[in-house]
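Input: a single structure, listed below in structure tokens.
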2 protein chains.
Amino acid sequence: MSAPVEALPATAADLRLATFRLARRLRCVRVADSMSDAQLAVLMTLRLHGRRTITALAERERVTAPSMTSLINGLEEQGLVTRTTDDDDRRRVQVDVTEAGIGIVERTMQRRDELLIGAMRELELTAREVQILREAAALMGRLAER
Amino acid sequence: MSAPVEALPATAADLRLATFRLARRLRCVRVADSMSDAQLAVLMTLRLHGRRTITALAERERVTAPSMTSLINGLEEQGLVTRTTDDDDRRRVQVDVTEAGIGIVERTMQRRDELLIGAMRELELTAREVQILREAAALMGRLAER
DNA sequence: TATTGTTATACTCTATAACTATA
DNA sequence: TATAGTTATAGAGTATAACAATA
């Protein structure tokens, strides 16, 4: 039982608007004002996937290698990542997230989740509405992969 | 019938991740590479709400007045907005979006919606799943207001 | 030669401070 | 005096081009 074609455009428009609004609201929530989105994204990637080279990080974040060098410089100065020359291939630089870096990521995610949980409580969402959000999140993840 | 407390944290985490992923995917879709997110947001606001002063735009986009002046300079050079001195209060500058500016906004939204519609079709979402996204969008909009 | 990363340079977006014009 | 907007200046993030070190 596929969806009726006429429902798709309206759903797309609603979902586009809501996604940007909520992302914007969540992005405001930071641990430190000095942490940019770009820096936070790198820390999150390193925390999730472990050490990565500059080139690998640049490809994942879809920026150029010089841009990633600059980003890593800033994070390194703040003690949030470390650089290590790869012994097997001395052209390569392995980047690791430090404990401090992991702390930033985890506190940021925690605060953002607290905002969402607080909002869900204030709106007194029903069990069904929470379930809708849960299922929608899974669907949105699949949509984003296309 | 309020939601069980234990479902909220997991839902918050899923929704946070999915929202950022989908927003990021959609943000990639632009009409012109030269259009930044900041410029597009201003054009969208003007298209939706009509003429606005520099100060009003700065407050809405949560940037400083000098930043908005700079943004408007760039948009004006591209012929996407016009400046008009307010006759009632000659300190004020009214900014209007041009037809070209409206075209950029509409083509961008159209392309982003096409991406979502295409993805929903490829995934062969059921009528129920489309309905879930529709309802979730409304809920996300309310969450973002908190 | 090809790859990895950095440096040099430039443009945009952001900010704060200081300024001009107007109310 | 207060407000609206601009200019001056600086810092971060982005890019391309050119370079050094290594494979």
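Each chain gets a letter, A, B and so on, in the order its sequence line appears, and its residues count up from 1.
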Expressed as a whole number of angstroms, how long is the span from B:Leu80:CG to C:dT12:P? 14 Å

Interatomic distance where CE belongs to B:Met35 and C1' belongs to C:dT12 [whole Å]: 13 Å

Does C:dC13 have OP1 or OP2 under 4.0 Å away from a side-chain N or O of B:Arg62? no

Charged N-O contact under 4.0 Å between A:Arg107 and A:Glu114: no

Out of C:dG5, C:dA17, C:dT4, minimum distance to the side chain of B:Pro66 belongs to C:dA17

Heavy-atom nearest nucleotide on DNA chain D for A:Asp89 versus B:Ser70: which residue maps closer to 5'? B:Ser70

Segment of DNA chain D, first to last nucleotide, that comes within the 4.0 Å heavy-atom reach of chain B: D:dA2 to D:dT7

salt_bridge(A:Arg128, B:Glu135) N-O dist < 4.0 Å: yes

Roughly, in whole Å, what's the span from CD in B:Gln39 to P in C:dC11? 15 Å

Is it the case that the base of C:dT22 and the side chain of B:Arg90 share a donor-acceptor contact (distance under 3.5 Å, atom types as modelled)? no

Measuring from B:Arg111:CZ to B:Arg30:CZ, what's the distance to the nearest 0.5 Å? 12.0 Å

If you measure only the distance, is there a donor-acceptor pair under 3.5 Å linking the side chains of A:Gln110 and A:Glu106? no

How is the hydrophobic cluster of B:Ile72 composed, in terms of its other members, when Ile, Leu, Val, Met, Phe, Trp and Tyr link through side-chain heavy atoms under 4.5 Å apart, directly or indirectly? B:Met35, B:Leu40, B:Val42, B:Leu43, B:Met44, B:Leu46, B:Ile54, B:Leu57, B:Val63, B:Met68, B:Leu71, B:Leu75, B:Leu80, B:Val81, B:Val93, B:Val95, B:Val97, B:Ile102, B:Ile104, B:Val105, B:Met109

Please determine if a side-chain N or O atom of B:Thr64 lies less than 4.0 Å away from the OP1 or OP2 oxygen of C:dT14. no

Which part of the nucleic acid, if any, lies within reach of A:Ser67 when heavy atoms closer than 4.0 Å are counted: base, sugar-phosphate only, or nothing? base

Any B:Ser36 side-chain N or O less than 4.0 Å from OP1/OP2 of C:dC13: yes

Distance in angstrom units between A:Glu59 CD and C:dT3 P, rounded: 12 Å

Want to settle it: does A:Leu71 or B:Thr55 sit nearer the 5' end of DNA chain D, counting the closest nucleotide to each? B:Thr55

Taking only the side-chain nitrogens and oxygens of A:Arg92, find out if one of them lies under 4.0 Å from OP1 or OP2 of C:dT4. yes

Distance, rounded to the nearest Å, where A:Asn73 contributes CG and C:dG5 contributes P: 13 Å

In whole angstroms, the gap separating P of C:dT12 from CE of B:Met68 amounts to 16 Å

With heavy-atom distances below 4.5 Å as the criterion, would you say the side chains of A:Glu76 and A:Thr82 are in contact? no

A:Arg91 CZ to C:dT4 C1', straight-line distance once rounded to whole Å: 6 Å

Whole angstroms only, please: what is the CD1-P distance between B:Ile54 and C:dA21? 18 Å

Gap between atom CZ of A:Arg142 and atom CG of B:Leu125 - 0.5 Å precision: 6.5 Å

